[in-house]
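These values consider heavy atoms only, across backbone and side chains, with no hydrogens, waters or symmetry-generated copies.
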Amino acid sequence: MIDPIAPVPLVEDPAQGGEVSPRQLLWSGEASYHWLTWAVASVGPSVPLLCLWVVLSDDGAGERMEAAVALAVTTAFILVVYAAVFPRKYEVWRPAVALDRLHEVGADVKVVTFLVSWKFTGCVRATHVPGWCGIEGHSLLKGLLKFATDPESRVLIRRRCGIFDVVISPSDPAAFIEAVWHASSLGGNDIESTQ
């Protein structure tokens, strides 16, 4: 991993006529999971199916066996889908922009799962907000994308656009917040001053 405080080699951008900071990975870490998240993800899909199995089953042993197999296969499929879309890793990137425009851009935060990766641009601030639900001072009209899986390590990422802020659960919230800080305008000022 690259040290966010270390000087960054700059390249000349002939189109802009100034120095450009290269795209740089500042932090990468695993997602943090609370045991209750896995319990709900494991038991949750099987409860309605189990109820359906009890209600629809006759006294016949063959039909019960078929229903049990169908229940097991369906539950396994749902668990595979859950595991595929739950966040696995988070990354904080400093975008490749001119240093004098870095404060206008913010950080890029990438949420990586087994199936797909989501990239959120324009992340200007991250705040540690522990708890299961609700974020003080956040309007429901702005929208909130929730990828949080652990209430103790929950982090709110504010985006430059002001809507669709993101909530995640990195394994090291302090390091994640620091990386977002370094990738935003304050980090750009640190880079500029070390040259």
Heavy-atom pair of closest approach, residues Ala126 and Ile177: O-CG2, 3.5 Å
Verdict with supporting geometry, Arg88 and Phe114, side-chain contact (heavy atoms from CB on, under 4.5 Å): CA-CA 7 Å; Arg88 294 288 175 220; Phe114 282 135; 3.1 Å; yes
Under-4.0 Å salt bridge between Arg154 and Glu152: no
Heavy-atom closest pair, residues Glu30 and Tyr90: O-CD1, 4.3 Å
Aromatic ring pairing Phe176/Trp27, orientation class (parallel under 30°, perpendicular over 60°, tilted between): perpendicular
Beyond-backbone contact of Cys123 with Arg158, side-chain heavy atoms, under 4.5 angstrom: no
Nearest heavy atoms of Val180 and Ala107, plus distance in Å: O-CB, 4.4 Å
In one Ile/Leu/Val/Met/Phe/Trp/Tyr side-chain cluster, 4.5 Å: Val116, Val111: yes
Closest approach of Thr113 to Phe86 (non-hydrogen atoms, all atoms of both residues): CG2-O, 3.5 Å
pair Lys119-Asp108: side-chain heavy atoms closer than 4.5 Å: yes
N/O donor-acceptor pair under 3.5 Å between Ser169 side chain and Ala31 backbone: no
From CD1 (Ile157) to CZ (Phe147), nearest 0.5 Å: 9.5 Å
Close side-chain approach of Phe120 to Leu145, heavy-atom, < 4.5 Å: yes
N-O pairing of Arg159 and Asp165 below 4.0 Å: no
CA sep, side-chain torsions, deciding dist, call: Val109, Glu91, side-chain contact (heavy atoms from CB on, under 4.5 Å): CA-CA 6 Å; Val109 174; Glu91 297 175 350; over 6 Å; no
Sub-4.5 Å side-chain heavy-atom contact between Tyr33 and Asp150: no
Non-hydrogen atoms of Ala183 and Arg94 that approach each other most closely: CB-CA, 4.1 Å
Any donor-acceptor pair under 3.5 Å from Ser153 side chain to Pro170 backbone: yes
Closest heavy-atom pair and its distance - Thr149, Thr37: O-OG1, 2.7 Å
